[in-house]
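All remarks here apply to the structure that follows.
Since the structure is predicted, the reported quantities are computational estimates derived from the model, not experimental observations. The figures that follow rest on heavy atoms only: side chains count, while hydrogens, waters and symmetry mates do not.
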Amino acid sequence: MARKGKDTRQLQFDFEPSGGRPDAKGRTSSSARKARGKSAKTGAKSATGKSAKGKATKRNGPKKTAPAVQGAGAASVPVPEAEAPPLRSRRKRGAEAATAESMAAKQRDISVSEFFAKNRHLLGFDNPRKALLTAVKEAVDNALDACEEAQILPDVRITIDPVDGSENRFRMNVTDNGPGILKAQVPNIFARLLYGSKFHTLKMSRGQQGIGISAAGMYGLLTTGAPVQIITRTNPAKPATHYHVQIDTTRNRPEVVLDEECDFDLPHGTSVTITLEGRYQKGRQSVDDYIAQTAMANPHARIVYRDPTGQETIYERQTQEMPFIPVEIKPHPYGVEIGVLFKMARNSRAKTLSEFLRQDFSRISPRLATDIVKKAKLSSGLKPGKITVKDAERLYEAVNATKIMAPSSDCIGPIGEDKLVEGLARVVEAEFYTACTRKPSVYRGNPFLVEAALAYGCKDDGGKSNGDADKEPLMRLVRIANRVPLLYQQSAGAIYKAVLDTNWRNYGLSQSRGALPAGPLVLMVHVASVWVPFTSESKEAVAHYPEIIKEIKLAIQECGRKLGLHVRRQRRIREELKKRSYIETYLPPIGEALRDILSLKEAEVGRVVEKLRDTLERSRKM
């Protein structure tokens, strides 16, 4: 039955459980839905409700009556009850519930290549412009690494040609004079992810993960369908091998499309060609910028680069000296965690724990190994293969409680201060250069080294320096890791943070809060390590380890102090030249005034002016 509220003009109705009833105006009241229980009792007393109940009983069995609408002074009007369909018929049919058996049937292995094919942005193939840069970078890194390991001065040629005049499809080729690749290794190197020789070695190298060049080939296959083309030769007396390979992403295995002998212009070396979808654009974060920064960090390499427009740039070799060749070292005890220590001990062939510590780690002498075992309260005759997790935990705590010498720095190859300046001058024309190489340090047991080079008074394309302080651009920061330029995610890395936290006002430069300093300068920071802690698989930024940030700051500050001396000296010279210009400006009028006052002759005026000029110039210091 309808009820009228005291504080509202809206009519409230009672409804049956089967559904809501429309009011006098055809609307459904929310309060009526809440009063379904009451409506059953009220509807049973009304005559109209009895009629509705009878009809409902014939159709759907026993049912409660529908209420009648009552208005003020109006007779009751029976409301016909709408026949509601059963509850099940109103539900949409959804997916069937899964069972343990059905879920188990869907489980299967995921290939690493299949994963990266769907998540290629993790490897640096976010967009066509970056994809072209990443493919060139991976091929050049491999070429330089191969030449240096064979102690050959690198001679690298890079060409990028548009395919059939297309604007978004390119054929990229990188050729080097390295030692070449064995025939059996070619398919795995270029068409299999996580396959390489550097992941398990502790020494400085450009490549680390065994992903780069095969990921570039996979991207080219996905975007163009073309396989990777390789020509390689290991010996002048042997013919070159020509391969076409592509990756099977389902199994992460190479597929050889072509294998034949061919001619090659070089006595030994490798040529890699990848056809891929990309976008070529000049400017910052471009292939051109990467090649220029690679030339800065590798002055011992000769690089020839031809861009898609046909313009060729040659970076001649600046030194005939080979860079320092890093030596592989054993892991340092401070860089090993409990789980890794336990695994190494169980897999060791040593007969005792002391022998295990001496053989499998660096910087541990026989006496130090004995002391560590005693601190851990373990038996000296305990075999490493029978060690338990609790024993490994006690051994780990004993290692970290013992003072151990820092790892050897033979595994790191610095560029060197002189070579840094030569490399910077190779690309940047400036009036002042300086560089600094820090001593090796350690993070998580991994040795690393930081170098910095700075060029001030950089000239623009016209060869002129910008003297307007108000219009000076911000510092250009060049980040290098293991001689490889890092072009993306500049503000996300430790190098940018260290530069930003440095107070450049102390060195005569202007700097706004939270910004790089302003001035015509280029700063290059090089981080070298056996394992550079990158923030992602695409190797675009160095992680924020406090030890690394501290060393970067110290290297920058040393370069900054030299820069401050130069800036202040140049400022004094400019001020002195300005004051000397006053002498040239005002001495002639002074001579004329003396002539009029003292009635001097022209010859006497000349002698007086010369004496004044000589006296004033000697009193000024540059």
Side-chain angles (χ1 to χ4, degrees), residues 111-114 116-117 120 123 125 134-152 154-161 170-201 205-276:
S111 167
V112 63
S113 54
E114 196 173 11
F116 281 118
R120 58 194 183 196
L123 302 177
F125 298 94
T134 303
V136 172
K137 181 178 79 69
E138 297 297 347
V140 172
D141 289 351
N142 283 7
L144 294 174
D145 264 344
C147 291
E148 290 174 8
E149 286 190 25
Q151 298 190 19
I152 300 171
D155 195 343
V156 182
R157 182 176 183 84
I158 304 137
T159 60
I160 303 176
D161 298 316
F170 299 91
R171 184 178 293 107
M172 180 270 297
N173 174 267
V174 176
T175 304
D176 65 75
N177 62 334
I181 304 172
L182 291 179
K183 184 176 179 180
Q185 294 293 326
V186 171
N188 285 325
I189 290 175
F190 292 95
R192 184 178 178 183
L193 295 182
L194 294 178
Y195 184 88
S197 60
K198 305 182 181 82
F199 186 83
H200 297 287
T201 59
S205 64
R206 292 174 180 83
Q208 291 180 344
Q209 302 163 347
I211 294 179
I213 191 63
S214 51
M218 181 180 68
Y219 175 79
L221 180 67
L222 292 174
T223 55
T224 65
V228 184
Q229 303 178 31
I230 306 103
I231 300 176
T232 184
R233 173 185 280 168
T234 58
N235 195 314
K238 296 181 179 180
T241 304
H242 183 202
Y243 266 103
H244 285 194
V245 298
Q246 62 187 26
I247 187 171
D248 179 2
T249 56
T250 305
R251 300 181 299 118
N252 190 30
R253 289 292 183 270
E255 294 179 350
V256 179
V257 180
L258 177 68
D259 177 7
E260 63 180 8
E261 294 182 352
C262 67
D263 295 330
F264 194 34
D265 297 337
L266 300 176
H268 52 79
T270 303
S271 174
V272 182
T273 303
I274 299 176
T275 304
L276 72 162

So, taking the atom named [atom1] in [X] and the one named [atom2] in [Y], what distance separates them when rounded to the nearest 0.5 Å?
| X | Y | atom1 | atom2 | value |
| --- | --- | --- | --- | --- |
| Ile213 | Tyr195 | CD1 | OH | 15.5 Å |
| Ile189 | Leu182 | CD1 | CG | 8.0 Å |
| Ser205 | Glu148 | OG | CD | 10.0 Å |
| Ile274 | Thr223 | CD1 | OG1 | 10.0 Å |

Would you name the heavy atoms of [X] and [Y] that are closest together and state the gap between them?
| X | Y | answer |
| --- | --- | --- |
| Ala191 | Ser214 | N-CB, 4.1 Å |
| Pro179 | Ala146 | CD-O, 3.5 Å |
| Leu276 | Ala135 | CD1-CB, 3.9 Å |
| Asn188 | Pro254 | OD1-CG, 3.5 Å |
| Cys262 | Ile231 | SG-CG2, 3.8 Å |

Evaluate the side-chain proximity of [Y] to [X]: yes if any heavy-atom separation is below 4.5 Å, no if none is.
| X | Y | result |
| --- | --- | --- |
| Val257 | Gln246 | yes |
| Tyr243 | Lys183 | yes |
| Ser271 | Ile230 | no |
| Val245 | Pro227 | no |
| Phe170 | Thr275 | no |
| Leu144 | Arg206 | yes |
| Glu261 | His242 | no |
| Val228 | His244 | no |

- prompt: Would Thr134 and Leu123 satisfy side-chain contact (heavy atoms from CB on, under 4.5 Å), going step by step from the backbone distance to the final call?
  reply: CA-CA 8 Å; Thr134 303; Leu123 302 177; over 6 Å; no
Whether the side chain of [X] engages the backbone of [Y] through a donor-acceptor N/O pair (distance < 3.5 Å, no angle test) should be reported.
| X | Y | result |
| --- | --- | --- |
| Thr232 | Ile181 | yes |
| His268 | Pro236 | no |
| Asn173 | Val272 | yes |
| Arg233 | Leu266 | yes |

- request: May I ask you to say whether Arg251 pairs ionically with Glu114, meaning some side-chain N is under 4.0 Å from a carboxylate O?
  value: no
message: As a quick check of understanding, evaluate side-chain contact (heavy atoms from CB on, under 4.5 Å) for Met218 and Phe125, giving each step before the final call.
response: CA-CA 11 Å; Met218 181 180 68; Phe125 298 94; over 6 Å; no
field: Criterion side-chain contact (heavy atoms from CB on, under 4.5 Å) on Asp176 and Asp155, from CA distance to verdict
entry: CA-CA 6 Å; Asp176 65 75; Asp155 195 343; over 6 Å; no
message: The test is side chain to side chain donor-acceptor pair (under 3.5 Å); show your working for Ser111 and Asn252 and say whether it passes.
response: CA-CA 6 Å; Ser111 167; Asn252 190 30; 5.1 Å; no
- prompt: Are Met172 and Val136 close enough, and set up right, to give a side-chain contact (heavy atoms from CB on, under 4.5 Å), and what steps lead you there?
  reply: CA-CA 7 Å; Met172 180 270 297; Val136 172; 3.7 Å; yes
message: Under a 3.5 Å threshold, yes or no: a donor from one side chain and an acceptor from the other, between Thr249 and Ser113?
response: no
